[in-house]
Chemist: 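Handing you a structure now.
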Amino acid sequence: MKVRLFARARDLAGADTIDVDLPAGATVGDLRRLLGRRYPALAGLLQHSALAVNDDFADDALTLPVNAEVALLPPVSGG
Amino acid sequence: MTETAMISLTRDLIDYHALTEQVRRPQCGAVVTFLGTVRDLTDGKVTAALDYEAYPGMAEKKLAEIERETRERWPVGDIALVHRLGHLEVSEISVAVAVSCPHRHQAFDACRYAIDRLKELVPIWKKENWADGTTEWVHPTT
């Protein structure tokens, strides 16, 4: 599964897209924990960030759908 | 005059006059246009410029949701929500919201609601280019 990164999250991870392997049935929370383990630099920002699945904000309890488009969204600052 | 998509992201200058004209309706006696502009000073630090980026598909989807929510709450004649992306200098316009309603209190409230929701949930980020040469993504945590 590919995860898109934005703004400071992209800078901290050093990539705009990362590949992760998660078992079928894994949740958004599982992905969040995996990202924190694999990219310790992201851990602080992750606590304040949202994860989006198929263009909507996703709860940590959500099971990741097959072929989902996933993005890590740090707190937004448009306007 | 080129017609700007009324709910959109753009890398071009925002033609707020055209957007304001596009929302005017005979049944609406009030039009409120909000412009967000690049401020030169934040918490005592001097801004040289801002860079805006978006998660484009989701940002457009959320803008459309905000349009729908606003129309559900007020008798909106029409509404425009346009956010600029890319590199903006001080005083440039980053966002425009224009709303028409039959009466002014409705138009003020609807416009305020739309810009507040935009700042809360549309995946757009700004990066400060401080005058001292450093840069910093803005990620409010409160």
Side-chain angles (χ1 to χ4, degrees), chain A residues 1-20 27-29 31-33 35-36 38-79, chain B residues 8-10 14 34-39 42 47 50-66 81-86 88 92-97 111-129 134-142:
Chain A
M1 169 178 296
K2 288 191 192 310
V3 180
R4 296 182 66 174
L5 304 178
F6 292 93
R8 194 194 296 161
R10 181 187 56 232
D11 291 355
L12 290 171
D16 57 8
T17 307
I18 55 180
D19 263 309
V20 297
T27 64
V28 169
L31 171 62
R32 187 187 289 278
R33 285 183 286 277
L35 291 173
R38 206 209 280 186
Y39 297 93
L42 274 181
L45 186 59
L46 259 174
Q47 293 179 13
H48 301 288
S49 296
L51 283 149
V53 174
N54 295 334
D55 288 344
D56 263 315
F57 294 103
D59 201 84
D60 276 8
L62 180 80
T63 300
L64 288 160
V66 178
N67 297 326
E69 181 174 323
V70 181
L72 174 62
L73 310 179
V76 300
S77 55
Chain B
S8 63
L9 305 172
T10 181
I14 295 176
F34 169 85
L35 303 178
T37 62
V38 178
R39 187 180 51 239
T42 296
T47 296
L50 295 178
D51 287 294
Y52 283 92
E53 74 168 35
Y55 180 19
M58 181 172 172
E60 281 157 2
K61 182 176 173 181
K62 292 294 157 193
L63 289 174
E65 282 179 21
I66 293 167
L81 287 162
V82 178
H83 203 296
R84 195 164 157 208
L85 302 177
L88 277 72
E92 286 199 83
I93 295 163
S94 54
V95 62
V97 180
C111 186
R112 168 103 192 221
Y113 176 84
I115 184 62
D116 286 353
R117 289 290 280 161
L118 183 152
K119 291 185 75 92
E120 182 182 310
L121 66 91
V122 179
I124 296 174
W125 301 270
K126 63 167 73 84
K127 184 167 71 177
E128 288 276 4
N129 294 252
T134 60
T135 64
E136 182 182 355
W137 285 106
V138 181
H139 293 309
T141 51
T142 50

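In what follows, every chain begins at residue 1, and chains take the letters A, B, ... in the order their sequences are listed. Quantities reported herein were computed from a predicted structural model and do not represent experimental measurements.
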Chemist: Kindly assign one of parallel, tilted or perpendicular to the pair A:Phe6 and B:Tyr55, based on the angle between their ring planes and the thresholds 30° and 60°.
Modeler: tilted
Chemist: So, the side chain of B:His139 versus the backbone of A:Arg8: is there a donor-acceptor pair under 3.5 Å, distance only?
Modeler: yes
Chemist: Nearest 0.5 Å, please: how far is NZ in B:Lys127 from CG in A:Asp11?
Modeler: 6.0 Å
Chemist: Can you tell me how far the CZ atom of A:Arg10 sits from the CD atom of B:Glu53, to the nearest 0.5 Å?
Modeler: 4.0 Å
Chemist: Are any side-chain N or O atoms of B:Tyr52 and backbone N or O atoms of A:Gly79, one a donor and one an acceptor, separated by less than 3.5 Å?
Modeler: yes
Chemist: Contact part of B:Ala54 toward chain A, heavy-atom cut-off under 4.5 Å: side chain, backbone, both or neither?
Modeler: backbone
Chemist: Side chain to side chain contact (heavy atoms under 4.5 Å, CB included), that's the test. Do A:Gln47 and B:Thr141 meet it? Break it down for me.
Modeler: CA-CA 10 Å; A:Gln47 293 179 13; B:Thr141 51; over 6 Å; no
Chemist: Do you know which two heavy atoms are closest between A:Gly78 and B:Lys126, and how far apart they sit?
Modeler: O-NZ, 3.9 Å
Chemist: What closest approach, in Å, do A:Pro75 and B:Pro140 show between heavy atoms, and which atom pair accounts for it?
Modeler: CB-O, 2.9 Å
Chemist: Can you tell me which portion of A:Asn54 sits under 4.5 Å from chain B's heavy atoms? Options are side chain, backbone, both or neither.
Modeler: backbone
Chemist: Do the charged groups of B:Lys62 and A:Asp55 touch, with an N to O distance under 4.0 Å?
Modeler: no
Chemist: Which atoms of B:Leu50 are under 4.5 Å from chain A, going by heavy atoms: the side chain, the backbone, both sets, or neither?
Modeler: neither
Chemist: Taking CZ in B:Arg39 as the centre, count heavy atoms belonging to other residues, nucleotides or ligands within less than 6.0 Å. Is the count above 12?
Modeler: no
Chemist: Looking at every heavy atom in both B:Trp125 and A:Leu73, which two are closest together, and how far apart are they?
Modeler: CH2-CD2, 3.7 Å
Chemist: Taking B:Arg84, B:Glu120, B:Lys119, B:Glu65 one by one, which has the highest count of heavy-atom pairs under 4.5 Å against chain A?
Modeler: B:Lys119
Chemist: What part of B:Glu60 gets within 4.5 angstrom of chain A, counting heavy atoms only: side chain, backbone, both, or neither?
Modeler: neither
Chemist: Decide if atom CG of A:Asp19 counts as having more than 12 heavy atoms of other residues, nucleotides or ligands within a radius under 6.0 Å.
Modeler: yes
Chemist: Between B:Val138 and chain A, which part of the residue has a heavy atom less than 4.5 Å away: side chain, backbone, both or neither?
Modeler: both
